[in-house]
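One structure is given here, and the rest of the page talks about it.
Lettering follows sequence order; numbering is per chain, from 1. If you're wondering where the values come from, they're calculated on a predicted model, not measured in any experiment.
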Amino acid sequence: MWDLLQGPLQRGVLAGRAALSIPTGMAVAASEPPLPPEVMGEALRSEVRRLFRGSLQLRQLSAGSCNGCESELQALFAPFHDLQRYGIDIVASPRHADGLLVTGPVSRQLEEAVRMTDEAVPRPRLVIAVGDCACDGGFCRDSFAVHRGVAEVLPVDVRIPGCPPRPPEILEALLMALGRLAVRAGVARA
Amino acid sequence: MTLESGELFPVDRALRGLRERFGEAVLDADRVSLREQVVVVPSARLAEVVEAVTREWGGTLLTLFGIDERAQAGRYRIHVMCSLAPQDAVLTFVAGVPEHAPRYPSVAARVPAALWLERELADMLGVTPDGHPDPRPLVAHAGWPAATHPLRRDFSPPADWQWAPRFATPQVEGEGVFEIPVGPIHAGIIEPGHFRFASMGESVLQLDVRLGWTWRGLEKSAEGASLSRGLELAERVCGMCALHHALAYCGAIEELAGVQVPPRARAIRVLLAELERLVNHLGDMAGILNDVAWVVGWAECMRLKERLQQANDVLFGHRFLRGTCVPGGVTREVDDTQQLWLRSVLADVRADVVTVQRLALAEPSVVDRLAGAGVLSREVAEDLGATGTAARASGRTLDLRRDHPYALYRELDFAIPTRSAGDVRARFELRGDEIHESLNLIDQLVHRLPGGPLVQHLGELPAGRWGCGLVESARGALTHWLHLAPDGRIADWRVRSASHALWPALAQSVPGNIVPDFPLINKSFNLCYGCCDK
């Protein structure tokens with residue numbers, strides 16, 4: 001066990017936070033992340049502390065996606081991004097959730113189950129559509145077998161486009177969404 | 001089949017064997033490529049011919065599907081593709097089923113590998129396989145109106161379509177027998193599927209797998225679409241297997257167009273394919289270790305997976321390698337600096353995988369859970385036409401990279417590791433071995449990529465032709481069959497993934513295990529729902 005931990009510890013990547021080092025001058029195809037994940041994460045932590053008393057619990061709902069978005073969400077809760085450290089976690093039961101992370105266009109075969117899952121989430125709840133399909137049906141929006149996005153079935157609070165959105169892009173969108181929540185809460189108070 | 005020399009290609013020998021054995025049942029034959037022979041048989045004899053090829057000649061049923069030819073010929077056409085590995089030969093049996101009597105003797109009644117394929121055929125085309133052992137619908141839930149068959153050309157979605165899924169499951173009765181329904185919505189970041197267990201105490205007596213929840217009607221969407229739209233659909237059948245879907249789709253187009261992909265593009269395709277295999281295998285190993293609560297191993301494998309996906313992004317602009325493979329070649333160049341860098345990233349991965357695997361298998365709490373769980377016997381794997389890692393872990397030496405080489409695999413050196421136990425441990429260990437083979441393949445390419453262009457122009461496409469792409473995805477054999485309409489657009493597109501073949505095999509490996517081991521067994525196969533549902 002200890003020799004497994006030693007390698008990563010020595011490299012400072014026990015939590016996998018060390019990014020790939022890319023030699024200067026090498027051609028890079030990737031786009032720059034909006035902000036370093038840690039910066040966004042810390043900002044997220046303070047929003048979660050303010051709005052959800054430090055703990056935001058989300059339920060993932062896969063509604064006819066290709067599993068690309070699911071994979072990116074898994075990556076967010078795994079080493080490197082490790083969103084739990086900022087107070088956000090995925091829960092197993094919709095009854096424990098503050099909101100839903102929905103992926104996929106909502107396939108019609110799954111529509112009833114999607115509605116039932118949503119009904120089980122206590123109100124008020126947040127509905128976040130992750131990925132192009134969830135936003136507007138994406139590449140398969142013209143198929144009779146799917147809806148044109150989550151909004152046809154549930155009231156959507158936040159849309160995160162991308163096919164699939166990269167983990168830092170999801171992080172940034174979550175941050176923006178919580179900022180919007182704060183605005184809304186402010187309006188309600190006033 | 002007796003093999004004699006003198007015939008140039010294995011497919012020629014196979015055809016002679018068929019003629020000797022079945023005589024007048026071989027109505028017509030046509031060799032469509034160096035490896036593929038099309039054999040027309042009467043639908044009444046389709047089942048016995050396929051049975052002989054799979055049972056006696058050791059062939060593997062790759063796919064079975066139908067297309068609607070009522071307008072042109074007053075019939076439906078059934079295709080059955082069988083691979084004759086390790087010879088590079090593919091037999092495609094074609095049988096017509098008349099429009100006025102759309103039924104034929106079931107292939108699945110003799111060849112279990114066709115079980116799900118024929119259920120899907122009945123849903124999609126309304127052609128009935130007579131004598132099918134399990135004629136329940138596969139994709140169509142009970143709310144579908146009668147005679148709703150989406151892949152018929154004249155289909156339009158009925159107004160009274162009730163999408164609320166209702167379905168029957170096979171019942172097990174007796175004192176102390178419980179039924180446990182699980183899904184379609186699962187507790188985790190996973191795709192939807194319904195599992196119905198019949199259990200006695202902790203032991204599972206029977207498992208029925210009910211999928212179709214993520215069915216997006218993609219094969220229908222492709223009808224009349226352009227080839228570039230088809231590529232968009234193909235890459236999005238499944239996220240984790242996106243690159244292999246693109247490879248198979250492009251393979252089908254290149255075959256029907258008779259185009260040779262330039263050597264450099266073929267080499268980069270190997271690079272891409274092995275990167276996708278690495279990401280998948282690392283994710284699968286992480287999942288297995290997570291389900292036995294050995295979280296350190298899970299974290300380490302997920303960290304490596306993330307590193308590779310970031311490397312994918314850096315080199316190819318997409319974490320799932322979408323947009324890299326196009327008909328005729330690839331879109332991305334990989335220069336010498338990038339190759340060297342990739343090799344250094346992969347060297348870390350190799351060292352860390354060795355450590356994780358060694359420590360996991362030295363941990364009694366891990367091994368106790370893995371060993372003996374979820375055994376898929378070789379016999380069941382063969383009967384159900386299982387391919388990929390799951391089949392190799394049960395002793396079947398099948399790998400399309402060797403059996404029907406594509407890209408640059410013919411020129412590269414790699415082993416096909418196998419195990420015989422067929423349990424979760426075998427599937428776990430085998431993934432480790434396959435990771436090393438993938439790393440070796442990439443090492444062989446670094447600094448030795450052939451020169452030349454990245455894309456070969458397709459030129460004028462022969463209208464009305466069809467082609468087939470066969471690739472070995474991380475989960476096993478993946479086939480894309482593509483048929484061009486006279487106007488050069490897509491007439492028919494049929495996809496069969498390894499997951500489609502392996503779901504019934506998974507269901508067979510669960511009975512006899514305890515209910516809490518199901519998630520672990522499921523993870524050790526780690527099948528895609530999207531790949532299967534389409």
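With hydrogens and angles ignored, the 3.5 Å screen pairs a side-chain donor or acceptor of A/N67 with a backbone N or O of B/G239. One N or O on the side chain of B/H318 and one on the backbone of A/C163 form a donor-acceptor pair closer than 3.5 Å. Judged by distance alone, the side chain of A/Q74 and the main-chain N or O of B/I189 form a donor-acceptor pair under 3.5 Å. Remark: the backbone N or O of B/E191 is not paired with any side-chain donor or acceptor of A/E70 at under 3.5 angstrom.
Residue with the most contacts toward chain B among A/C133, A/S62, A/P167, A/S21: A/S62 (heavy-atom pairs, distance under 4.5 Å). The candidate from B/A187, B/G530, B/P150 with the greatest count of non-hydrogen atom pairs under 4.5 Å with chain A is B/A187. The greatest number of non-hydrogen atom pairs below 4.5 Å with chain A, out of B/T214, B/D313, B/V237, is found for B/D313. Top candidate by heavy-atom pairs under 4.5 Å with chain A, chosen from B/C238, B/P184, B/G217, is B/C238. Ranked by heavy-atom pairs under 4.5 Å with chain A, the list B/P192, B/A360, B/S221 is led by B/P192. Between chain B and the residues A/S93, A/G138, A/G104, A/G64, the most heavy-atom pairs under 4.5 angstrom are made by A/G64.
Between B/R236 and A/C66, the shortest heavy-atom distance links the atoms O-CB, 3.2 Å. The heavy-atom pair separating A/P164 from B/R322 by the smallest distance is CD-NH1, 3.6 Å. Nearest heavy atoms, B/Q338 versus A/A27: NE2-O, 2.8 Å.
The contact between B/R319 and chain A is made entirely by side chain atoms (from C-beta outward), counting heavy-atom distances below 4.5 Å. Contact annotation for A/L61: only side-chain heavy atoms (C-beta onward) come within less than 4.5 Å of a heavy atom of chain B. Interface remark: A/I90 contributes side-chain atoms only to the contact with chain B (heavy atom separation under 4.5 Å). If you measure heavy-atom distances from B/V139 to chain A, the contacts under 4.5 Å come from both the backbone and the side chain. With a threshold of 4.5 angstrom between heavy atoms, B/F316 approaches chain A through N, CA, C or O but not through any side-chain atom.
Within the 4.5 Å cutoff, the side chain of B/W213 has no heavy atoms near those of the A/E111 side chain. Considering only heavy atoms from C-beta on, B/K305 stays 4.5 Å or farther from A/F80 through its side chain. At a threshold of 4.5 Å between non-hydrogen side-chain atoms, the residues A/Q60 and B/I190 do not count as touching.
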CA sep, side-chain torsions, deciding dist, call: B/I185, A/R59, side-chain contact (heavy atoms from CB on, under 4.5 Å): CA-CA 11 Å; B/I185 310 285; A/R59 177 69 166 81; 3.5 Å; yes
Verdict with reasoning, A/F139 to B/R229, per side-chain contact (heavy atoms from CB on, under 4.5 Å): CA-CA 9 Å; A/F139 80 102; B/R229 165 73 175 149; 4.2 Å; yes
Check against side-chain contact (heavy atoms from CB on, under 4.5 Å), B/Q309 and A/S71: CA-CA 11 Å; B/Q309 286 199 281; A/S71 175; 4.2 Å; yes
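Heavy-atom proximity under 4.5 angstrom to chain B picks out A/S143, A/F144, A/A145, A/V146 from residues 141-155 of chain A.
Note: B/D533 CG to A/S107 OG = 8.0 Å, rounded to the nearest 0.5 Å. Here the CZ-CH2 distance, from A/R108 to B/W215, works out to 11.0 Å after rounding to the nearest 0.5 Å. Here the CG atom belonging to A/D82 is positioned 11.5 Å from the CD atom belonging to B/E306, to the nearest 0.5 angstrom. In this structure, CG on A/L20 lies 4.5 Å from CH2 on B/W341, to the nearest 0.5 angstrom. Between the CE atom of A/M26 and the CG atom of B/L340 there is a distance of 10.5 Å, given to the nearest 0.5 Å.
Identified under the salt bridge (Lys or Arg N to Asp or Glu O under 4.0 Å) test for residues 337-346 of chain B, with sequence neighbours left out: none.
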